[in-house]
Amino acid sequence: TGAKNIQDLFRYVPGMLVVPEPYDNSDSVVYHGGPALYPKSMEVLIDGVAAYRSALAAVGWNSLPVSVEEIQRVEVVRGPNSTTYGTNAYQAVVNIITKHPSDTLSERLINFKLGDNNDHYIHGQSGFNFAGGEWRLTAVDKGTDHLANTTNERIPCETDCPNRRDSSHVALRGFYELSDKKSFDAAVNYVQTKRKLPHYTVNDNKAKDTHYEVGVRYYYEPNSQHKIKVSGSTYSYQRLQEQRDDFLFAGTTDPALVALFRINPLAADQIAQGLSPTALDLLDPEQASLAQQLAIRYANPADFLIPLSATSYVETTEVRADLEIQDTYAITEGLTLLSGIGYRYDKVSSDTYYKGTVLGNSWRMFGNINWLAAKNWSLHAGVMNEKSELDDSALSFRAAANYLISPVESIRFVYSEASKTPDFIEEYADWTYKLENIETTSPYAGDHFYRALIVDGGLDSQKIRSFEIGYYGRSNNYRTEWDVRSFYEKLTDLIYIFPTISSDAAYADNTVEFYGVEWQLTKEILSNTNLRYTGAFTKADSKTAEGVAEGDLLAIYSPLSQTISLQTEWSNSLNSMLSLFWIKDLGAPSANSDQQVNTHRLDLNVYGTLDNRSIREVSWAVSVQHDFSKDPYVTYGRAYEQSTRFQLELGLNF
């Protein structure tokens, strides 16, 4: 494909939508539909280790500690599968499986890629034996300045809208064969990212993320019918966002206004906007006293508008530990039981977001059974129960039947129920900005901005019920393989919060129904050319809570998305892949046509190898992406800087 960012691979998966998200200068990936900023409906794993960030329960796609070159395969489970993968496996699961270190022992790779938008990608990889184990060391440095520096009604940048993003990571993965029955593998990852964020009304806005991760897995096979896996991982993540604002009004930091907002947000907003505080409850002595103080101090409204300059340093530290024991036992040749227990510990510290530290402890127990009930029938059932401080009991269930019509055809029936507990920001947010390096002539200025996002908490777990009928087939005569899936999903108690201080609350009374058809078709049309066609037709019905617009809940949604690709092997040393992406009416289902966007994009990747006597292999690639319009990929977003983008790549394997 030529993709060097993992999120770009999901453009080839039916029902998946990928958009550059301008608010946080990140990328968002959703299945069927979801919000534009920090969608949280999928579980993303790297070699079985969860990749989400605890504070927002979101995935930083650009900072995943894995390179495309070391991926062996990506498993995508469409539909809820919490019974196997845990509570975040709500709408779909992505499990990125890397190559076994033994398969890369002979590799000494260096890849360079340069292109438009100040793109760069540098990748190095080495496999080696050490201390009786097999190891692979990977290092990546990449960056881009991909979006146009334009403003719109939702991102009112004062000067420009910087979107530079850079990411570096080092990953070490190893494997030890202890005996013919025992083995273990380990992974150590270090990631650092820097990105510039839209200025909005501030002068400077940038974020730096650093995280460390260690994971180990121990395998024990008492016999050919019994396997035990013990896995553990720990993760530390630090984020620092620095904002410099030279355009604040001193009155918006007055401690009396800060205190009034905590009691009556609407009245405080009215005062800050220079309006008559009609929402004020003068019968409340505390409100009346604060309002009187403000009225005296700002009898001359110009005193409220005295300029103030300050810097806010938003620091967040996260720690997560996860331990799981999984047992797989083949009771008979046609009956297998998989069961296990897991524990997760989360700790998030942030004076800005939580006024301190919040903790989370959860236990999960799960069991899955697979039964070959008859020659043509295989049955599956699974259940998981999770207990945590956020929900006494989150129960998930899955049942499936697979009927083999012929050796190359099958039809499947799947029913799933899953729960997703609220995340920390939805349950515990107490979000205020502390100001430092304050410069102002006002005698009433304080060290906090007056607004705050304070949620009520006590939210119920989100629920999903999913039905699926699928048909798989293969024709050897016509060299064709296909899969068609019809689905219905109902999401209830769906939580929505726009993670910004300007939000009012976390809204939980939302319902969304998705139903439609997805398809995949692969056909060998010539001896050297394969055609792949994937797509999804999806309908969405929603019922939103008061205060939530459908365009917030389903900012990323398309009734029709399709991808068609041609992969051709021209010779042993020359290949190409041509892909057309077509996404129709991206935006809220009921939005006007001027609030929806259409994406028509063509990707071409031509790649090959060169003979060289002194180097084992020299590889090269030329990639081109072309947008047929200058529209952004998401409503209120920003388009790419160039509608046609070129990249050149050179790789060496010593």
Side-chain angles (χ1 to χ4, degrees), residues 13-16 31-33 41-43 75-95 328 330-339 366-385 394-420 462-475 480-492 511-522 533-541 559-561:
V13 178
M16 293 278 189
Y31 181 54
H32 290 163
S41 64
M42 292 194 302
E43 175 73 297
E75 299 175 345
V76 180
V77 180
R78 291 173 287 151
N81 203 28
S82 294
T83 60
T84 302
Y85 292 95
T87 184
N88 278 347
Y90 187 60
Q91 273 186 279
V93 181
V94 170
N95 192 13
T328 305
I331 301 171
T332 67
E333 186 176 347
L335 182 62
T336 301
L337 177 65
L338 183 148
S339 59
F366 57 92
N368 290 268
I369 188 167
N370 295 298
W371 180 33
L372 186 61
K375 180 180 179 181
N376 292 348
W377 281 99
S378 61
L379 306 177
H380 166 82
V383 65
M384 184 204 72
N385 189 32
L395 189 66
S396 300
F397 174 74
R398 177 180 171 90
N402 197 35
Y403 178 69
L404 198 65
I405 302 171
S406 73
V408 292
E409 286 183 289
S410 66
I411 186 170
R412 63 187 181 274
F413 309 89
V414 184
Y415 173 75
S416 301
E417 292 182 1
S419 300
K420 184 180 185 303
Q462 303 170 93
K463 308 291 185 183
I464 182 173
R465 288 188 297 130
S466 171
F467 300 87
E468 170 186 344
I469 299 177
Y471 170 63
Y472 167 83
R474 187 175 77 244
S475 171
T480 304
E481 185 179 23
W482 61 88
D483 184 90
V484 180
R485 173 180 184 263
S486 63
F487 61 89
Y488 170 81
E489 297 174 350
K490 185 173 184 179
L491 290 67
T492 56
T511 300
V512 177
E513 294 178 274
F514 293 113
Y515 51 95
V517 179
E518 297 170 349
W519 59 88
Q520 300 181 86
L521 172 70
T522 302
Y533 175 43
T534 66
F537 173 76
T538 307
K539 295 289 290 182
D541 297 324
L560 181 62
S561 57

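- Inter-residue side-chain proximity for Phe467 and Ile469 is flagged as unmet; no heavy-atom pair is nearer than 4.5 Å.
- In this structure, OG in Ser82 is found 11.5 Å from CG in Asn385, a value given to the nearest 0.5 Å.
- Distance check: Thr332 OG1 to Trp371 CH2 gives 9.5 Å after rounding to the nearest 0.5 Å.
- Separating the CD1 atom in Ile411 from the OH atom in Tyr403 is a distance of 10.0 Å, to the nearest 0.5 Å.
- Distance check, rounded to the nearest 0.5 Å: OG1 of Thr336 to NE2 of His380 gives 11.5 Å.
- Looking at every heavy atom in both residues, Ala418 comes nearest to Ser396 through CA-OG, 3.4 Å.
- Minimum interatomic distance between Lys463 and Tyr90 (heavy atoms only, all atoms of both residues): O-OH, 2.7 Å.
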What verdict does the side chain to side chain contact (heavy atoms under 4.5 Å, CB included) test give for Tyr515 and Lys490, after you've listed the backbone C-alpha separation in whole Å, the side-chain angles of each residue and the deciding distance to 0.1 Å? CA-CA 9 Å; Tyr515 51 95; Lys490 185 173 184 179; over 6 Å; no

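- Here the CZ atom belonging to Arg412 is positioned 7.5 Å from the CG atom belonging to Asn402, to the nearest 0.5 angstrom.
- The distance from atom OG1 of Thr84 to atom CG of Leu338, rounded to the nearest 0.5 Å, is 6.5 Å.
- For Trp519, the CH2 atom is densely surrounded, since the number of other residues' heavy atoms within 6.0 Å is greater than 12.
- Counting only heavy atoms from C-beta outward, the side chains of Glu409 and Tyr471 approach each other to under 4.5 Å.
- Nearest heavy-atom pair, Asn368 versus Gly382, reported as atom, atom and distance to 0.1 Å: OD1-CA, 3.4 Å.
- Trp377 and Phe413 have parallel rings, their planes meeting at less than 30° on a 0 to 90° scale where 60° marks the start of perpendicular.
- Using a 4.5 Å cut-off on side-chain heavy atoms (C-beta onward), Phe487 and Val414 make no contact.
- Between Ala536 and Pro14, the shortest heavy-atom distance links the atoms CB-C, 4.3 Å.
- In this structure the side chain of Val13 never reaches within 4.5 angstrom of the side chain of Thr534, judged on heavy atoms.
- Counting only heavy atoms from C-beta outward, the side chains of Phe366 and Thr83 never approach each other to under 4.5 Å.
- Ring geometry, Phe514 versus His32: the interplanar angle falls from 30° to 60°, so the pair is classed tilted.
- Of all non-hydrogen atoms in Arg78 and Arg485, the two that sit nearest each other are O-NH2, 3.3 Å.
- No side-chain heavy atom of Gln462 sits less than 4.5 Å from a side-chain heavy atom of Ile464.
- Judged purely by atom type and a 3.5 angstrom limit, Thr480 has no side-chain atom pairing as donor or acceptor with the backbone of Ser475.
- Pairing each heavy atom of Ser416 with each of Arg398, the nearest pair is OG-NH1, 3.3 Å.
- For Glu333, the CD atom is loosely surrounded, since the number of other residues' heavy atoms within 6.0 Å does not exceed 12.
- Distance alone, capped at 3.5 Å, places no donor-acceptor pair between the Gln91 side chain and the Ser41 backbone.
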